[in-house]
Amino acid sequence: QEIKEFGVRGEKAWGQKGVIVAQMRDLPAALYLGQLYDNNTRVLIPHRPEDLHAIYAYARTGQLNADARKYNKKLDVAREVLELLPFDPTFWRQKGTEMFGPDVPRPHSDDPTQWLFNGHPKGSDHPLQVAVARLVGYRWPRQTGSSFPDCPALGPDGLEKHADADGIVPMASIAGEASAADRLRAPLADAYGEEWSAAKLRELLGEWETLEDWLRDGFFEEHCKIFHQRPFVWHIWDGRTDGFHALVNYHKLAGPNGEGRKTLEKLIYTYLGRWIERQQDEVKAGKEGADARLTAAVHLKAELEKILEGEKPYDIFVRWKPLHEQPIGWEPDINDGVRLNIRPWLQTTLAPVTRPRRGACVLRVTPKINYGKDRGKEPQRPKEDYPWFWSWDERTDDFPGGSDFDGARWNDLHYSRAAKMAAREKRRRNATSS
């Protein structure tokens with residue numbers, strides 16, 4: 001009955017330590033460290049802090065779930081049900097000590113999708129994915145100075161020297177850089193130290209024959225699945241397995257103060273440009289397949305330049321920003337999220353010579369992203385700044401004159417450069433006159 005001594009959910013739990021239980025089939029549990037939480041969870045706060053490991057053991061062994069299901073079969077386990085659970089504090093204190101020792105374990109995760117992950121390939125759930133991310137210069141939050149209760153920021157781990165400066169790693173050797181596979185072997189070797197061997201690489205590759213094959217054909221699809229269709233390492237290609245491929249750090253591609261645009265320009269005019277020159281030379285030399293590779297690469301260059309220009313449908317649309325703040329061309333704001341910034345890339349096509357699959361784009365695999373209407377309604381917005389909330393017609397650049405505020409949260413609207421530039425100019429004139 002001592003379960004009644006625990007505070008369950010609500011703001012009284014904020015800032016305290018406890019156990020958070022997700023309202024799913026098996027009621028999975030984790031340590032709660034005082035943050036806000038949603039309605040799909042329950043939080044148990046011990047009356048005595050030293051009993052935290054007892055409650056944690058009760059939840060992690062599955063006994064909490066077994067006891068709760070005797071009273072309630074629904075996913076939504078009511079607070080009253082938790083208060084009825086036959087929690088024996090003496091037994092679970094002993095069990096907790098057996099499982100965790102005298103203290104609750106510090107927060108830890110080997111899952112790279114988690115905020116507190118340490119960013120190191122060795123010991124992670126997806127070592128090759130982590131190694132690729134480190135190669136293109138990505139760092140997890142704790143590696144950039146962020147901390148978490150009982151989970152401090154991290155210092156250098158020795159893999160920083162392998163990070164690419166511009167966040168662009170071509171698959172083939174281009175612009176004086178080694179191939180992606182050759183470069184990836186170096187951080188893996190350093191990460192595993194004496195454990196590193198050809199056998200270890202084969203173990204990490206699983207069913208893939210070579211690291212080159214996995215990078216070219218397996219990495220990006222796996223990356224999208226692991227990171228919930230919000231990739232932060234983009235695999236850009238021209239549609240040919242023997243064509244141009246490059247891995248790009250999205251955080252560089254969406255960098256602030258024009259950094260993102262410069263990264264895209266470097267991808268187009270340095271790396272892809274050098275590849276095109278190579279294919280032109282091979283065409284002159286009569287090398288087999290060079291014509292098709294050149295055609296595919298030139299087409300890719302044209303598609304990337306459309307993103308750079310940003311004319312619809314290669315534009316970025318952010319429904320919560322007024323029209324005069326909408327990006328013109330490749331002006332991504334990383335705070336707007338991958339879902340919105342990746343949209344112009346999904347509008348691209350591959351050269352017909354590559355015989356692309358339906359819906360294929362310049363990303364190696366097309367992420368599964370829905371741009372339909374989001375749930376909820378926006379609060380009242382000025383019609384001039386947010387015309388899409390006032391019966392906006394996406395088929396035209398001209399506001400059709402709707403008078404009723406709708407507030408529907410549509411995301412797949414497109415605006416021309418001219419419409420955005422006119423809105424910016426009008427805003428500038430109004431600011432000057434005032």
Side-chain angles (χ1 to χ4, degrees), residues 112 119 121 128-141 143-145 156-188 190-191 211-212 215-216 219-220 223 227 230-238 243-279 297 300-310 316 327 329-336 338 341-342 344-345 348 362-364:
L128 290 180
Q129 288 285 336
V130 175
V132 170
R134 295 297 300 274
L135 180 62
V136 299
Y138 179 80
R139 294 182 295 167
W140 272 260
Q143 296 177 302
T144 61
D157 61 9
L159 301 184
E160 293 80 11
K161 63 185 178 183
H162 300 292
D164 188 85
D166 58 24
I168 304 172
V169 178
M171 293 285 188
S173 177
I174 301 176
E177 295 185 2
S179 69
D182 286 343
R183 294 180 64 184
L184 186 58
R185 289 182 175 91
L188 284 169
D190 280 358
L211 189 57
E212 287 80 0
L215 279 171
R216 186 189 64 232
F219 161 75
F220 193 59
H223 184 78
F227 294 99
R230 298 296 186 268
F232 60 87
V233 180
W234 293 4
H235 180 168
I236 298 161
W237 75 323
D238 61 10
F244 178 83
H245 297 248
L247 302 173
V248 183
N249 183 342
Y250 161 70
H251 287 247
K252 292 280 190 180
L253 200 55
N257 304 318
E259 177 189 343
R261 186 176 184 87
K262 291 177 182 177
T263 300
L264 179 54
E265 289 174 340
K266 191 168 187 178
L267 173 67
I268 298 172
Y269 301 114
T270 299
Y271 292 97
L272 181 56
R274 298 279 181 85
W275 176 261
I276 289 174
E277 290 172 2
R278 182 182 300 177
Q279 304 317 307
L300 173 61
K301 180 174 182 284
E303 293 296 285
L304 296 181
E305 288 177 330
K306 291 176 183 177
I307 296 172
L308 203 61
E309 181 72 7
I316 299 174
W330 185 245
E331 293 180 344
D333 180 345
I334 199 166
N335 294 315
D336 292 332
V338 175
N341 289 332
I342 204 172
W345 297 75
T348 57
V362 301
L363 298 176
R364 183 65 178 84

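The side-chain heavy atoms of K301 and Y269, taken from C-beta on, include a pair separated by under 4.5 Å. A 4.5 Å side-chain heavy-atom check between P332 and I316 finds at least one atom pair inside the cut-off. Two residues are said to be in side-chain contact when any heavy atoms from C-beta on lie closer than 4.5 Å; F232 and V338 fail this criterion. You'll find the side chain of I236 reaches within 4.5 Å of the side chain of L363, heavy atoms only. Residues F219 and L128 form no side-chain contact, since every pair of their non-hydrogen atoms from C-beta on lies 4.5 Å or further apart. Counting heavy atoms from C-beta outward, E177 and Y271 have side chains that approach closer than 4.5 Å. Using a 4.5 Å heavy-atom threshold, the side chains of H223 and V132 count as separate. Between D182 and S173 there is no side-chain heavy-atom pair separated by less than 4.5 Å.
Here the closest heavy-atom approach between residue L135 and residue H162 is recorded as CD1-O, 3.4 Å. When all heavy atoms are compared, the tightest approach of I342 to P231 is CD1-CG, 4.0 Å. Counting all heavy atoms, side chain and backbone alike, P187 lies closest to R183 at CD-O, 2.9 Å. Across all non-hydrogen atoms, the minimal contact from A180 to V169 is CB-CG1, 3.7 Å. Of all heavy-atom pairs between G119 and W140, the closest is CA-CE3, 3.6 Å. Taking all atoms of both residues into account, the shortest heavy-atom contact from E303 to T348 is OE1-CA, 3.2 Å.
Relative ring orientation between H245 and W237 is described as tilted, the plane-to-plane angle lying within the 30° to 60° band. Using bins of under 30°, 30° to 60° and over 60° for the plane-to-plane angle, the ring pair F220/H235 lands in the perpendicular bin.
Distance CG/N341 to CH2/W234: 6.5 Å, rounded to 0.5 Å. Distance CD1/I268 to CD1/I307: 7.5 Å, rounded to 0.5 Å. We find the CZ-CG distance between R216 and L211 to be 11.5 Å, quoted to the nearest 0.5 Å. Here the CG atom belonging to L300 is positioned 7.5 Å from the CD1 atom belonging to I276, to the nearest 0.5 angstrom. Rounding to the nearest 0.5 Å gives a distance of 8.0 Å between CG of L159 and NZ of K161. From E212, atom CD reaches atom CE of M171 across 10.0 Å, with rounding to the nearest 0.5 Å.
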### Message
Apply side-chain contact (heavy atoms from CB on, under 4.5 Å) to residues T263 and D166 and explain how you reach the verdict.
### Response
CA-CA 7 Å; T263 300; D166 58 24; 5.9 Å; no

(message) Between V136 and Y250, does the side-chain contact (heavy atoms from CB on, under 4.5 Å) criterion hold? Intermediate values first, please.
(response) CA-CA 9 Å; V136 299; Y250 161 70; over 6 Å; no

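A salt bridge is absent between E259 and K262: the closest approach of a Lys/Arg side-chain nitrogen to an acidic carboxylate oxygen does not fall below 4.0 angstrom. Salt-bridge annotation for D164 and K252: absent, with no side-chain N of the basic residue lying under 4.0 Å from a carboxylate O of the acidic one. A salt bridge links R134 with D157: at least one charged nitrogen is closer than 4.0 Å to a carboxylate oxygen.
With W330 contributing its side chain and L253 its backbone, the two residues share a donor-acceptor pair below 3.5 Å. Formation of a donor-acceptor pair under 3.5 Å by the N249 side chain with backbone atoms of A133 is not found in this model.
Residues Y138 and Q143 bring no donor and acceptor atom of their side chains to less than 3.5 Å of each other.
No more than 12 heavy atoms of other residues, nucleotides or ligands sit less than 6.0 Å from atom CZ of R139.
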